Amino acid sequence: ITNTFDNQYCLGESITVPFTVGLDFNTDNIFTLQLSDDTGGFSNPLNIGTSTAYTSGNISGIIPNNISPGAGYRVRISASSPSNISVNNGFDIIVSPLPTPSISGSTPVCSRNTYSYNVTTGAGIQNRWFITNGTVIGDSTAQVIYVKWQDYPAGNLKVIQTVTATGCVDSSDMDVEITFAPQPLITGQTSVTAFSTENYSTTSQSILNYEWIVSGGAIQGLSNTNRIEVLWGGSGVGSVRLKLTDKRTNCADTMLVLVTINSSPLIIQGKKTVCANSEEKYSVTTEPVKKNLWSVTGGTVQGNTSDST
């Protein structure tokens, strides 16, 4: 055995050992690569690879996954025809452990919802997450990740862990069952007049629970049906939020619509043709935060000039 090969390996990793022959072996000869115990002893060697050959070359094998990590392993080669055993490689081989990732988290899940998943880890271990039919929200190298699942019947998480000091790698994966969540769609005006009343609706289905929330206005009547009536307040920006929940699966999703609330147009209500010396009433709708100031030409205001009438 020549010494031109690495002395550090991970459990389950392949090893290739170059060798030269000093005997004439038969053409049906089989070389076997043997691994010692972790102290370099060959009282019970493990056969980790074979090669049908009779000349110098390389022989490959696999470091078994079920041995103990250690720093004193050695290898040797045995021949079958004729029977012969080489000396060991002459230097210690280090066999390092693999990381042992294990994923925990929710399944089944609801589509378009976000869930957290955790992997067992330790110091000096790097994580790389890969998601099928979902999206990682945030850092895909963290111990805990957040996944928003898409509209598919199933998904999968896979994490690959690497021990920084040794480069040893192992992975774990988890299948996830995805249940479709109802998808809300709000119909209604997104640009309204202050203090006006508008209707908002969505599809009516007996399997759904409806939950409406309004800001910048007030729901008139019930808020748990597929249709609501909203009395909007003063000018600004309001919103209509709808949460739909499937009664059968408890899966839910939410939609939010922003609504621009425009100032009320200033329109004076009253007669345009009147009799001389008559008294007529004129009025205007004004937002509560605003003040009126009436002025009249050809007549006299009776009362307070700041009233709405």
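Note: hydrogens, waters and symmetry copies are ignored here, and every other heavy atom, side chains too, is used. For reference, positions follow the sequence shown, starting with 1. Keep in mind that this is a model prediction, so the values were computed, not measured.
A donor-acceptor contact closer than 3.5 angstrom links the side chains of T16 and S60.
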Original post:
Passes side chain to side chain contact (heavy atoms under 4.5 Å, CB included), S14 versus Y9? Steps please.
Top reply: CA-CA 8 Å; S14 63; Y9 296 88; over 6 Å; no
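If you take CD1 on I77 and CZ on F31, they are separated by 7.5 Å, rounding to the nearest 0.5 Å. Taking CH2 of W212 as the reference point, atom CG of L242 lies at 4.5 Å (rounded to 0.5 Å). Between atom CG of residue D253 and atom CG of residue L244 there is a gap of 8.0 Å, rounded to the nearest 0.5 Å. Here the CZ atom belonging to F42 is positioned 8.5 Å from the CG atom belonging to D37, to the nearest 0.5 angstrom. L33 contributes atom CG, which lies 4.0 Å from atom CD1 of I48 (distance to the nearest 0.5 angstrom). The CZ atom of R74 sits 10.0 Å away from the OG1 atom of T39 when rounded to the nearest 0.5 Å.
For W149 against N133, the heavy-atom pair with the smallest separation is CE3-O, 3.3 Å. Closest heavy-atom contact between G167 and C10: C-SG, 4.3 Å. Residue I261 comes nearest to T193 through the heavy atom pair CG2-C, 4.4 Å, listed as atom of the first residue, atom of the second, then distance. Nearest heavy-atom pair across P64 and L35 is CD-CD2, 3.9 Å. The two residues I178 and G155 come nearest to each other via the heavy atoms CD1-N, 3.7 Å.
Classification of the F5-F91 ring pair by plane angle, with boundaries at 30° and 60°, yields tilted.
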